[in-house]
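Numbering of ligands and ligand atoms starts at 1, following listing order.
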Amino acid sequence: MERDWIQVRRDLHQIPEIGYQEYKTQAYLQSMIDRLPQEHLHVEKWKTGLFVLVKGIEGNRIIGYRADIDGLPIKEETGYDFASNHEGYMHACGHDVHMTVALGALTEVVENRLKDDVLFIFQPAEEGPGGAEPMQTSDFFQHHRPDVIFALHIDPSLPVGTVATKPGILFGNTSELFIDFYGKGGHAAYPHQTSDMLMAASAFNMQLQQLVARVTDPLSEAVVTLGKMVAGTAGNIIAEYARIEGTMRTLDPKVIPLLREHIQSLLAGIEERYHCRTAVDFGASYYMVDNDSASVKRFKAAVENTSVHYQEAPISMAGEDFGYFLKNIPGFMFWLGVESPYGLHHSKLQPREEAIQVGIEAVTATLEKL
Ligand SMILES: CC(=O)N[C@@H](CCC[C@H](N)C(=O)O)C(=O)O
């Protein structure tokens, strides 16, 4: 059956919702699945996500395919006439494309049943606080645990028609970082009577970067980014409170606890120097995406039989909670080229929509051969 996957992607693009708020998204996905012949389908809700099991002809194995479904708190600036209807939120990480490709592959598999069962996983909260780990503890997953699993992520830097991955580590380990600074505010003209939290948070930011320069082994690879800092109320009031939000990424999972330990010690110094109290929360952490070499080999062979071009990918410090699936089940993740002048997490991200059909072709071919 011919479907307009570009329209589906545009519909999903208009309703981005953040982690565990994906109610409209779940309802939209469910409505698309309801239109398919139901005979060999079983749909199970999990929080704001969905499991969709397609029974195969023999059903000796289960192949898992996961698509993440959440959006980001970014104000869209694409100028699309199908831009986000949710002010301040955007599918700026391509999960609208991920879901559309999954629906396309699901439709193919329902219409041309495979030998194996296929479990499609529409997973909430990839951007945080993480859905992959808790989803695996559900009864449904425990009873339909895939033997092998894979997923894709769009890549704005790759041309349309290209997919890329590698055996071994593809994405790093991550840990979020949230710190509140509590001090004493006051008049801009009397700093000696205050403890300035804007200053404390700035000092912490400068010291934090030195951890990567001087604490971690240069060969172990690490990056620490603070993406948000909030402090103060007006130009002539010394800030009594500041908050920073950030993330750390490493290739070696042992480096995350090391960074956390040094952050605690830096904060003890900040408290003493700036006469303040701090509270740190390391939020969610994601395990690295470590691709199984044999599965990558089968993926490469599968796509080489199609019009899709395969190439080897470099390691990325992006984080992906799909790593938690791969911690327990062999499989892999790959990049799908979408050629956008603006990158992931950018308000002008514009994936080329021809990539959707390429994704459907690559995923369907892989489901047949994995
Ligand atoms: C592919 C991608 O962009 N993933 C996100 C995952 C975020 C993990 C977590 N919320 C964190 O910020 O550490 C990424 O930012 O890499």
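Using modelled atom types, one side-chain atom of Gln142 and one backbone atom of Gln136 make a donor-acceptor pair closer than 3.5 Å. Between the side chain of Glu368 and the backbone N or O of Thr366 there is no donor-acceptor pair closer than 3.5 Å. Although no hydrogens or angles enter the test, the distance criterion places no donor-acceptor pair under 3.5 Å between the side chain of Tyr274 and the main chain of Phe181.
The protein residues lying under 4.0 angstrom from ligand 1, judged by non-hydrogen atoms, are Cys93, Glu126, Glu127, His153, Thr174, Glu176, Thr247, Arg249, Tyr286, Ala318, Gly319, His345.
A donor-acceptor contact closer than 3.5 angstrom is absent between the side chains of Asp217 and Ser220.
Between Phe120 and Phe51, the distance from one ring center to the other does not fall under 6.0 angstrom. With ring centers used as reference points, Phe299 lies 6.0 Å or more from Phe150.
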